[in-house]
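These notes concern the structure reproduced below.
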Amino acid sequence: MTARQSSGPRSVTLPEAITVKGLSDRLGISPIEAIKRLMTHGVMAAMNDTIDYETAAIVSSELGIAPSPEAAPGAVAPAGRADEEEATEEAGAPRPPVVTILGHVDHGKTSLLDAIRDTNVVAGEAGGITQHIGAYQIERGGSPITFIDTPGHAAFTAMRARGAQITDIAVIVVAADDGVMPQTIEAIDHVRAADVPMIIAINKTDLPAADADRVKQQLTEQSVVVEEYGGDVLAVPVSATTGTGLPELLEAIDLVSEIQELNANPERLATGTVVEAELDSRRGALATVLVRNGTLRQGDALVSGLISGKVKAMFDERGERLKEAGPARPVRIMGLEDVPAAGDAIEVVESERAARRIVEQARREEEGAAGARRGGITLDTLFNEVSAGNVKELLLILKTDVRGSAEAIRGSLQGLGTGEVKVKVIHSATGPVSESDVMLADASGAIVLAFNVRTETSAASQAEINGVEIRTYEVIYQLIESVDQALEGLYEPVYERVVDGTAEVRQLFRSSRVGQIAGCYVTDGTLLRGDRVRVLRNGDEVADTSCGGLRRFQDDVREVQQGFECGVVLERFDAFEEGDLLEFYHQQRVN
């Protein structure tokens, strides 16, 4: 819903009459912006209201776009118009929006979902809702809206990291009595990274301590400017307890979805996304699927990643059996051979035989790619990627010890951009690097910068698996300098020597095969066969080379610990003397 004035046309043709929505599309601005400009001229028009040419021309001229009247009916259509109409037909029919509700814990996300569904989940199950499927659909004035119930923004981003962009609109819930909290900011940053329109639901407005204006001001500090303050983000005061504001919230969702012009073709073979899945002891693998395009029917053959199957049965959120499900419809299906992961794509194919063939091919490709780890952008590779034209924006996630550090570093980083690439901090917060941070980095292709904070063990493991780079710093200027040098192609990693063990040479042996062997006693630590070795004589370094082998008696070994004797062979050095000290070490990267 962001205005696009800068990229809009410099001239425009306008008909004798046009809707406000049609005008905004032609001018490249949001409908909300068009409505505001009309109001300044005393014209009170809704998005679907029609205005005349003269009024539309005033708005156009204000934006520096020269208006001209459209050719009268019957004139020859401009070239390419038929193609546009064919493309529109191919796009299919309008489909319901898919909405995810996010927010800080205890701010009322679940209560709001329940209120929208117009029943309490627990009480409702006794009254007929037999299963909770993680998604449901409501009817509003004959128009459906689909709601996805995720545990939070981490799950939202985890699904996106798997290539599943299932959400059309994100509703951020903020409690009016509590205000913007760390998880609120995190949710906002995750939604921005996903490039999904957001609506703010200011909840708990029925409480005595509620202060909606304070919430709006706090949102402004996070660069979320609500309409009332001149921005383009809709903010709706609601109460999940009393139901106040819920019609207005649904109306806002309708407005945003109408602007997006969501379409799907119900006639094609269905494609969709797994929202959640489980293994049921009686019914086997059960998957909640959101149909994205086409129509899913009972009996359809399916492929989901390395899993195939057939739709044996389909159920809605109330447990009622369905024969088919169209675009944006959430359903629970039975019939997959195994349990897919949340975020996995699902696709209908022509037959079960074809499904099995596709899965076998996918498995062979997976096996062929085994061991090839996916690698994301790093500071080491940044300059080459920029030079190749592969990167136009360096995305960063910043975690610091205190808020003041975050603000100072963020400001410095965002001023580092060059002509080829700009730097953008998509999320900054205090505290250790978490799995949520790694998932956001994975989904958006960002690098994680940690200043004076640790990385949680689970986050480090996830980063290793997904190829996400986490850089840790203790000095601000070193952090800024490393990013700046990476942008300029001058970045050189800094390493420090870490000593693993030391040994004293006590005897010398000669071998016709390997040359001189040093008989050593390990005085400290552990000698490792893959280490570098410094040879020290009377305190002076006489060689710095690699360990070529370690022997204990007649056996080659990988390591020798303190207090044991061993034979040492070095690469390209055999001029040992009794009394030499051997320092085994490895290089550890510090930035």
Side-chain angles (χ1 to χ4, degrees), residues 89-98 129-139 144-149 159 162-168 262-366:
E89 289 174 5
E90 179 61 28
R95 67 164 174 82
V98 180
I129 296 180
T130 57
Q131 57 181 321
H132 173 64
I133 71 168
Y136 65 87
Q137 200 171 70
I138 67 163
E139 290 279 340
I145 301 174
T146 299
F147 288 90
I148 301 294
D149 183 8
M159 292 180 74
R162 299 180 68 86
Q165 188 76 302
I166 65 170
T167 304
D168 301 313
L262 304 168
N263 289 311
N265 181 0
E267 303 305 319
R268 57 165 289 175
L269 293 177
T271 59
T273 304
V274 177
V275 176
E276 62 183 16
E278 63 177 333
L279 185 63
D280 186 274
S281 58
R282 292 185 301 109
R283 296 181 290 178
L286 293 175
T288 298
V289 173
L290 178 69
V291 180
R292 294 297 291 169
N293 209 349
T295 299
L296 183 64
R297 296 178 174 87
Q298 185 172 324
D300 279 347
L302 297 174
V303 171
S304 180
L306 302 180
I307 301 169
S308 64
K310 177 181 178 181
V311 181
K312 294 178 180 176
M314 278 194 301
F315 307 91
D316 66 10
E317 64 266 26
R318 288 179 168 76
E320 297 174 358
R321 291 190 73 140
L322 300 172
K323 293 294 184 183
E324 61 180 38
R329 184 71 189 264
V331 288
R332 173 165 279 194
I333 64 171
M334 289 172 52
L336 288 172
E337 294 176 346
D338 204 348
V339 181
D344 279 357
I346 199 159
E347 184 176 0
V348 172
V349 295
E350 60 268 23
S351 66
E352 289 184 79
R353 184 176 179 180
R356 286 191 290 269
R357 187 176 66 248
I358 291 168
V359 166
E360 282 303 315
Q361 176 65 24
R363 282 183 179 145
R364 284 194 294 270
E365 292 175 0
E366 183 84 3

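Worth saying up front: this structure is predicted, and the values here are computed from it rather than measured.
Applying the side chain to side chain contact (heavy atoms under 4.5 Å, CB included) test to Glu324 and every residue at least two apart in sequence or in another chain returns Thr295, Arg297. In this structure Arg95 satisfies the side-chain hydrogen bond (donor to acceptor under 3.5 Å, both in side chains) test together with Asp168, sequence neighbours excluded. Evaluation of the side chain to side chain contact (heavy atoms under 4.5 Å, CB included) rule for Val339 yields Ala277, Leu279, Ala285 as partners, not counting sequence neighbours. Annotation: side-chain hydrogen bond (donor to acceptor under 3.5 Å, both in side chains) contacts of Gln137 (sequence neighbours excluded): Thr146. Considering only residues two or more places apart in sequence or on other chains, Val359 meets the side chain to side chain contact (heavy atoms under 4.5 Å, CB included) condition with Val303, Ser308, Arg363. In this structure, the side chain to side chain contact (heavy atoms under 4.5 Å, CB included) partners of Glu350, at least two apart in sequence or on a different chain, are Ala354, Arg357. Applying the side-chain hydrogen bond (donor to acceptor under 3.5 Å, both in side chains) rule to Glu278 yields the partners Arg332; only residues at least two apart in sequence or on another chain are considered.
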| task | Tell me, with the steps shown, if Met334 and Phe315 meet side chain to side chain contact (heavy atoms under 4.5 Å, CB included). | result | CA-CA 9 Å; Met334 289 172 52; Phe315 307 91; 3.7 Å; yes
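Screening Thr271, Leu269, Leu322, Leu302 for a side chain to side chain contact (heavy atoms under 4.5 Å, CB included) involving Leu296 leaves a single residue, Leu302.
Within 6.0 Å of atom CZ in Arg268, more than 12 heavy atoms from other residues, nucleotides or ligands are found, so the atom counts as buried in its surroundings.
Separating the CG atom in Leu290 from the CZ atom in Arg329 is a distance of 11.0 Å, to the nearest 0.5 Å. Of the inter-residue distances, the one linking Lys310 atom NZ with Leu336 atom CG reads 13.0 Å to the nearest 0.5 angstrom. Rounded to the nearest 0.5 Å, atoms CZ (Phe147) and OG1 (Thr167) are 11.5 Å apart.
Contact detail for Asp344 and Ser304: the closest heavy-atom pair is CB-OG, 3.7 Å. When all heavy atoms are compared, the tightest approach of Ala328 to Pro330 is O-CD, 3.6 Å. Val291 approaches Gly326 most closely through the heavy-atom pair CB-O, 3.4 Å. Summarising the geometry of Pro144 relative to Pro96, their closest heavy-atom pair is O-CB, 3.3 Å, with the distance given to 0.1 Å. In terms of heavy atoms, Arg283 sits closest to Leu286 at NH2-CD1, 3.6 Å. The nearest pair of heavy atoms linking Arg292 to Ala264 is O-CB, 3.9 Å.
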